[in-house]
Amino acid sequence: MKNTDAINKKDIIHLLEEIAIYLELKGENPFKISAYRKAAQALETDTRALSEIDDWSSIKGIGKGTQGVITEYLTNGESETLTLLKQEVPEGLIPLLDIQGLGGKKLAKLYQELKIENIADLQAACETHKVADLKGFGKKSEEKILAGLLNLNAQPERLPFDAVRGVRQNIETALGSMDGVKRFSIAGSMRRMRETVKDLDFIIATEQPEVVKEQLLELAGVKEVIASGDTKVSVVIEDKYDVSVDFRMVENKAFATTLHHFTGSKDHNVMMRQLAKARGEKISEYGVENVETGEVVTFDSEKAFFQHFDLHEIPPEVREAKGEIETYKKTHPLVTLEDIKGDLHMHTTWSDGAQSIEEMARFASDKGYEYIAITDHSKFLRVANGLNEIRLREQREEIERVRKRFPELTILAGVEMDILPDGTLDFDDDFLQELDYVIGAIHSSFSQTEAEIMTRLFNAMENPYVKHIAHPTGRLIGKRDGYKVNMEQLIQKAKETHTILELNANPKRFDLNSEWINVCQEQGVKITINTDAHSKETLEFMKEGVGVARRGWLTKESIVNTWSLEELQAYWKKKQE
DNA sequence: GCCGTTTTCGGCCCGACTGTTTTCAGTCG
């Protein structure tokens with residue numbers, strides 16, 4: 001039972017999804033299952049807070065039944081529907097849904113006919129060939145289930161974005177010079193900038209699929225070929241992890257609709273198809289069919305595809321069935337890489353970076369930036385060769401020399417200052433006012449309580465010289481969760497103190513994530529997208545950072561490093577007021 | 001279970017693929 005005061009919207013969404021999973025295992029009517037999922041989706045899409053919703057069934061997708069479940073949960077802190085389901089369906093079946101080829105119906109059958117309730121039962125039943133004898137199953141099913149059981153814990157189900165970045169780049173390079181390839185694109189969740197991905201999807205336009213197929217099977221690192229048909233090649237590429245890669249080969253005229261189809265998300269596609277259906281049309285990867293005449297139209301680009309439905313082009317990053325179809329009836333221009341005018345967080349050889357100040361300045365200038373901030377670590381961070389007051393003053397002299405060589409670029413002399421475990425800052429105010437740009441950051445004592453962490457962050461934000469908080473949660477995707485930040489409090493404090501929050505563009509971090517920056521934008525809290533570059537190459541993370549910002553629906557007005565230096569300086573003044 | 005310029009029943013997104021079947025159900029993206 002849950003304390004009813006502590007129930008939030010996510011809890012309700014989770015409850016509805018959990019009920020759907022149990023119904024699936026019961027082999028219930030698929031439409032009933034999807035009704036629960038749709039209700040969860042409807043809540044996800046509704047932007048109101050829990051307290052602002054009183055008439056649940058006025059939300060499209062929530063009716064009498066799901067409203068009952070929700071209000072009961074809000075009143076009692078538990079749901080009888082779920083409790084009963086849990087009595088009927090063993091909990092041990094749930095992880096078995098992750099086995100390839102096993103869905104709710106087959107599992108329901110295994111449970112009912114063979115009394116299989118968990119991994120061990122299933123393994124035993126396969127080994128004694130009871131599964132193969134079951135109607136609807138066979139020898140191959142049994143082998144696949146056994147193989148699936150082995151893979152169940154072999155590697156994480158979803159890989160961090162950063163872990164597959166290299167594989168993606170290698171494939172794109174190879175496709176770029178491949179015979180018979182007219183055009184190609186990444187698709188799937190990688191294109192939508194999700195921070196973890198299950199596999200990589202590529203769409204290839206070609207009139208010679210057999211020629212392309214041969215070359216795909218020869219790609220470097222191919223460890224296993226899963227499927228190799230006329231339209232689909234599916235391989236496993238060996239890297240740090242084993243990465244599944246799907247290639248879809250289509251005629252050029254179907255490229256746009258296929259790309260849209262395999263970019264997803266699944267929920268977005270469902271909504272697009274519903275829209276089409278209401279107009280007497282049918283969307284598939286091969287085009288849009290007029291149901292009455294059977295005529296199929298294709299498109300040169302996704303933009304044209306969306307225009308066909310009287311929509312502006314919906315960027316891949318927001319195709320999550322979270323209101324994008326409604327929003328893009330009008331336009332909603334998201335930030336682009338071209339909007340970025342500078343990078344306010346980077347390191348040099350003075351602390352733990354790989355490049356000199358001059359080199360970083362040259363790369364930034366080549367990118368057309370108007371300003372950068374040199375922000376090496378502060379003295380507390382010994383492991384990173386952090387700078388004390390004396391070395392920071394020396395560094396400023398060096399920066400002044402470099403400035404003369406790059407008159408087109410404003411180079412701010414800054415620091416990424418540690419917020420110490422006791423909540424004090426690494427420098428006193430007298431020294432901080434000498435600097436052009438001060439970032440506050442936590443790099444130590446990650447395991448403190450939420451109260452201790454918040455005290456540290458608040459101290460930094462209340463300081464008039466701290467312009468922004470770097471990587472606010474300290475997480476490393478797939479590796480560590482970060483420290484205990486109360487995000488609502490952090491955002492509220494940022495609003496009060498005019499402190500900017502960072503979207504750290506390093507793909508290992510993406511910190512803040514797309515969901516929280518979206519909340520920031522709604523609250524009027526400003527974001528800065530920075531690479532935290534430690535080398536020339538990592539300055540390029542700006543592209544990924546902008547992708548995450550787009551996933552959070554950010555427009556350039558919310559992102560301070562799309563502003564001119566004058567606008568930025570005007571905003572900084574608000575802190576001192 | 002939800003919904004209705006097709007409104008209280010009958011439909012609910014689409015197609016490929018697989019393995020099981022003799023025409024299709026289940027799973028997946």
Side-chain angles (χ1 to χ4, degrees), chain A residues 16 19-20 23-42 56-70 81 85 96-110 131-145 148 187-192 194 197-203 226-234 244-250 254 257-289 291 296 319 321 325:
Chain A
L16 295 169
I19 291 173
L23 291 174
E24 202 167 15
L25 286 172
K26 251 188 89 179
E28 263 283 4
N29 173 4
F31 296 112
K32 186 171 171 181
I33 298 166
S34 97
Y36 275 95
R37 296 224 158 96
K38 274 183 193 161
Q41 182 76 55
W56 293 89
S57 59
S58 68
I59 300 172
K60 195 164 172 272
I62 296 180
K64 250 171 78 184
T66 41
Q67 177 176 26
V69 169
I70 293 168
T81 310
L85 281 168
L96 299 180
L97 276 172
D98 290 336
I99 295 172
Q100 284 278 314
L102 273 191
K105 293 196 174 166
K106 286 193 166 179
L107 269 176
K109 189 153 193 179
L110 288 168
V131 173
D133 292 339
L134 216 55
K135 199 174 175 210
F137 291 76
K139 210 171 160 221
K140 284 210 172 168
S141 310
E142 195 171 83
E143 283 166 12
K144 278 188 88 172
I145 291 171
S189 50
M190 188 97 188
R191 182 164 182 242
R192 300 199 315 277
R194 279 200 61 169
V197 301
K198 212 168 156 194
D199 55 18
L200 294 181
D201 297 283
F202 289 91
I203 311 303
I226 307 286
S228 165
D230 297 336
T231 61
K232 177 181 167 179
V233 171
S234 197
S244 302
V245 188
D246 287 349
F247 299 94
R248 312 272 169 167
M249 294 174 287
V250 292
T257 39
T258 306
L259 179 59
H260 176 262
H261 178 88
F262 286 105
T263 296
S265 66
K266 205 181 148 201
D267 292 333
H268 166 85
N269 287 353
V270 167
M271 303 202 80
M272 285 300 296
R273 285 182 188 138
Q274 283 168 344
L275 177 74
K277 200 178 163 102
R279 299 165 33 126
E281 292 174 315
K282 214 163 75 173
I283 299 174
S284 82
E285 51 260 57
Y286 302 110
V288 175
E289 183 186 332
V291 175
V296 176
R319 296 182 198 165
I325 292 178

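Chain A is the first sequence line, chain B the second, and so forth, proteins listed ahead of strands; every chain is numbered from 1.
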Open item on the list: Strictly under 4.0 angstrom, non-hydrogen atoms only: write out the protein contact profile of nucleotides 9-22 of chain B, one letter per nucleotide from the 5' end, B, S or -.
Closed with: ---BBBSSS-SSS-
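Atom CD1 of A:I59 and atom P of B:dC2 are 12 Å apart (whole Å). Distance, A:D246 CG to B:dT27 P: 20 Å, rounded to whole Å. Distance, A:D201 CG to B:dG29 C1': 8 Å, rounded to whole Å. Residue A:L110 contributes atom CG, which lies 14 Å from atom C1' of B:dT27 at whole-angstrom precision. Straight-line distance from the OH atom of A:Y36 to the C1' atom of B:dC3: 16 Å, rounded to whole Å. When rounded to the nearest whole Å, the span between CG of A:L97 and P of B:dT27 equals 9 Å. Between the NZ atom of A:K64 and the C1' atom of B:dC3 there is a distance of 14 Å, rounded to whole Å. As rounded to whole Å, 14 Å separates atom C1' of B:dC28 from atom CG of A:D267.
A donor-acceptor contact shorter than 3.5 Å is absent between the side chain of A:K106 and the backbone of A:F137. With hydrogens and angles ignored, the 3.5 Å screen pairs a side-chain donor or acceptor of A:S265 with a backbone N or O of A:H268.
Within 4.0 Å of A:L23, counting heavy atoms only, lies no atom of the nucleic acid at all. Nucleic acid contact class of A:I99 (heavy atoms, under 4.0 Å, all strands): sugar-phosphate only. Within 4.0 Å of A:I33, counting heavy atoms only, lies no atom of the nucleic acid at all.
For the atom pair CZ (A:R191) and CZ (A:F262), the distance works out to 13.5 Å, reported to the nearest 0.5 Å.
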Show every donor-acceptor pair shorter than 3.5 Å between a side-chain atom in residues 61-70 of chain A and any protein atom, with sequence neighbours excluded, or say none if there are none.
unit_1	atom_1	unit_2	atom_2	d
A:T66	OG1	A:G63	N	3.2
A:Q67	OE1	A:S57	OG	3.3

